Amino acid sequence: MSALKDQLQSDLTAAIRAQDELTMATLRMALSAITNAEVSGKQARQLSDDEVVVVLTSEAKKRKVESESSD
């Protein structure tokens with residue numbers, strides 16, 4: 001598992017303990033997107049930190065477009 005994904009997992013654990021609903025939802029969404037990227041394609045694989053950043057950047061762009069269109 002990449003160091004970045006490990007950090008996201010530990011941050012999620014901390015958010016759960018702190019009962020921080022927004023952070024929990026955000027981290028769960030990010031980890032879900034990473035997992036989907038890992039299992040897409042012909043064979044499941046672990047993403048590198050650089051690939052995780054690409055996935056997170058893509059998700060952020062999607063959310064930015066959604067929030068701009070709802071304004």
Side-chain angles (χ1 to χ4, degrees):
M1 190 180 301
S2 73
L4 187 54
K5 187 174 177 185
D6 282 338
Q7 182 62 49
L8 291 171
Q9 282 286 67
S10 65
D11 290 346
L12 176 59
T13 301
I16 290 169
R17 288 185 179 144
Q19 298 180 352
D20 183 348
E21 297 293 329
L22 179 61
T23 303
M24 279 192 301
T26 303
L27 290 171
R28 282 184 174 139
M29 179 211 50
L31 287 166
S32 175
I34 293 167
T35 301
N36 287 341
E38 287 176 335
V39 298
S40 68
K42 293 183 180 182
Q43 184 175 358
R45 62 189 182 91
Q46 294 289 322
L47 298 181
S48 68
D49 280 346
D50 292 336
E51 292 169 319
V52 169
V53 170
V54 169
V55 170
L56 294 176
T57 302
S58 172
E59 290 299 310
K61 285 180 182 177
K62 286 181 193 176
R63 300 309 181 267
K64 183 177 180 183
V65 169
E66 288 175 6
S67 69
E68 288 176 353
S69 66
S70 66
D71 289 339

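Numbers for residues simply follow the sequence, beginning at 1. Predicted model only: the values in this text are computed from it and were never measured. Just so it is clear, the values below take in all heavy atoms, side chains as well, and ignore hydrogens, waters and symmetry mates.
- For Ser32, the side-chain contact (heavy atoms from CB on, under 4.5 Å) criterion is met by Asn36, not counting sequence neighbours.
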Original post:
Taking it one step at a time, do Ile34 and Glu59 satisfy side-chain contact (heavy atoms from CB on, under 4.5 Å)?
Top reply: CA-CA 10 Å; Ile34 293 167; Glu59 290 299 310; over 6 Å; no

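- Residues Ala37 and Val55 approach most closely at CB-CG2, 3.7 Å, considering heavy atoms.
- Ser10 meets the side-chain contact (heavy atoms from CB on, under 4.5 Å) test with Gln7; sequence neighbours excluded.
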Original post:
Can you list the steps and then say if Thr23 with Asp11 is a side-chain contact (heavy atoms from CB on, under 4.5 Å)?
Top reply: CA-CA 9 Å; Thr23 303; Asp11 290 346; over 6 Å; no

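- Using modelled atom types, one side-chain atom of Thr26 and one backbone atom of Leu22 make a donor-acceptor pair closer than 3.5 Å.
- In this structure, the separation between CG on Leu12 and CD1 on Ile16 is 4.0 Å, given to the nearest 0.5 Å.
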Original post:
Is there a side-chain contact (heavy atoms from CB on, under 4.5 Å) between Thr57 and Lys61 once you walk through the steps?
Top reply: CA-CA 6 Å; Thr57 302; Lys61 285 180 182 177; 4.0 Å; yes

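- Within the model, atoms CD of Glu38 and CG of Leu31 stand 9.5 Å from one another, a figure rounded to the nearest 0.5 Å.
- Contact between Arg45 and Glu51 at its shortest, heavy atoms only, is NH1-OE2, 3.0 Å.
- Here Arg63 contributes atom CZ and Met29 contributes atom CE; the two are 4.5 Å apart, rounded to the nearest 0.5 Å.
- We find the CG-OG distance between Asp50 and Ser48 to be 5.0 Å, quoted to the nearest 0.5 Å.
- Heavy atoms only, all atoms of each residue included: Asp49 and Leu4 are closest at OD1-N, 3.0 Å.
- Under the 4.5 Å side-chain contact rule for hydrophobic residues, Leu8 and Val53 share a cluster.
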